Amino acid sequence: MEQLNKIELRGVVGNVRVMTFDENKMAQISLATNYAYKDRDGTAVIDTSWHHIVAWEGRNVQQLEKIGKGSRLYVQGRVRYRNYTGVDGVDRVATEILASRLNILSDDDSMQYEM
């Protein structure tokens, strides 16, 4: 059986940090996505999730310096889990999205909630 590790996200940037290693640019982006639904009483609820995106500039990831707080992004990539030890000595696991495609969305692109 073929295995699949693919994720697609469309959301709003909270923070972005672009770094350069040798001649390669890398961005760490926090991306907020929303899930809208109605609860049992019919009240609209919006559940926000935050994702940690890691993007290396390349063929499908361009112009990282144009991404800023409030930018709307479409991200394709894969999920990666990374183990590390925190400053308090406790072992932790970080969940990251390694971007293979990243597009800045314009205001014309729809991000409406359908309920």
Side-chain angles (χ1 to χ4, degrees):
M1 177 172 56
E2 187 175 331
Q3 298 178 3
L4 179 66
N5 181 354
K6 181 178 180 180
I7 189 166
E8 293 180 276
L9 299 170
R10 186 175 60 192
V12 179
V13 173
N15 290 316
V16 62
R17 184 172 153 202
V18 178
M19 297 165 275
T20 303
F21 300 97
D22 295 324
E23 294 183 12
N24 300 314
K25 286 186 182 177
M26 187 265 285
Q28 293 181 339
I29 304 164
S30 62
L31 187 74
T33 59
N34 294 323
Y35 177 73
Y37 64 95
K38 291 184 181 179
D39 64 12
R40 292 181 184 167
D41 300 328
T43 305
V45 178
I46 297 177
D47 182 25
T48 302
S49 297
W50 287 93
H51 310 276
H52 180 77
I53 312 294
V54 176
W56 290 89
E57 196 164 65
R59 187 178 76 206
N60 293 321
V61 178
Q62 297 291 322
Q63 302 175 335
L64 293 175
E65 63 280 347
K66 288 189 175 185
I67 300 169
K69 185 174 184 172
S71 295
R72 294 167 12 155
L73 294 182
Y74 170 77
V75 178
Q76 267 186 358
R78 67 181 177 92
V79 178
R80 175 176 75 176
Y81 300 99
R82 188 172 47 86
N83 297 319
Y84 68 97
T85 303
V87 294
D88 55 1
V90 176
D91 290 338
R92 301 182 192 278
V93 178
T95 304
E96 300 174 326
I97 308 301
L98 294 178
S100 57
R101 167 168 273 145
L102 192 134
N103 293 10
I104 300 172
L105 301 175
S106 68
D107 290 336
D108 296 336
D109 296 314
S110 174
M111 287 186 68
Q112 301 296 321
Y113 302 112
E114 293 185 22
M115 309 258 293

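Remember, it's a predicted structure, so these values are computed and weren't measured experimentally. Just the heavy atoms: all of them, side chains too, but no hydrogens, waters or symmetry mates, feed the values below.
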Got a list of side-chain donor-acceptor pairs under 3.5 Å for residues 73-82, not counting sequence neighbours?
| unit_1 | atom_1 | unit_2 | atom_2 | d |
| --- | --- | --- | --- | --- |
| Tyr74 | OH | Glu8 | OE2 | 2.2 |
| Tyr74 | OH | Gln76 | NE2 | 3.0 |
| Gln76 | NE2 | Glu8 | OE2 | 3.4 |
| Arg80 | NE | Glu96 | OE1 | 3.0 |
| Arg80 | NH2 | Glu96 | OE1 | 2.5 |
| Arg82 | NE | Glu96 | OE2 | 3.1 |
| Arg82 | NH2 | Glu96 | OE2 | 3.1 |

Let me confirm one number: the OH-CD1 distance from Tyr37 to Ile46, rounded to the nearest 0.5 Å. 10.5 Å
May I ask whether Val16 and Leu98 are part of the same hydrophobic cluster, defined by side-chain heavy atoms of I, L, V, M, F, W, Y residues being less than 4.5 angstrom apart, directly or through others? no
Rounded to the nearest 0.5 Å, what's the gap from OG1 on Thr33 to CG on Leu9? Could you check? 6.0 Å
Minimum heavy-atom separation for Ala99 to Val61, with atom names? O-CG2, 4.2 Å
Side chains of Leu102 and Ile67: does their closest heavy-atom pair fall under 4.5 Å? yes
Listed partners of Trp56 passing side chain to side chain contact (heavy atoms under 4.5 Å, CB included), at least two apart: Phe21, Asn24, Met26, Val54
For Asp22, look at atom CG and say whether over 12 heavy atoms of other residues, nucleotides or ligands are found less than 6.0 Å away. no
Closest heavy-atom pair, Trp50 versus Gly14, reported as atoms and distance to 0.1 Å, is CZ3-CA, 3.8 Å
Are the side chains of Leu31 and Val13 in contact, using a 4.5 Å heavy-atom criterion? yes
CZ/Arg92: more than 12 non-hydrogen atoms of other groups inside 6.0 Å: yes
Over all heavy atoms of both residues, which pair between Lys66 and Ser71 is shortest? Give the atoms and the distance, please. O-OG, 4.2 Å
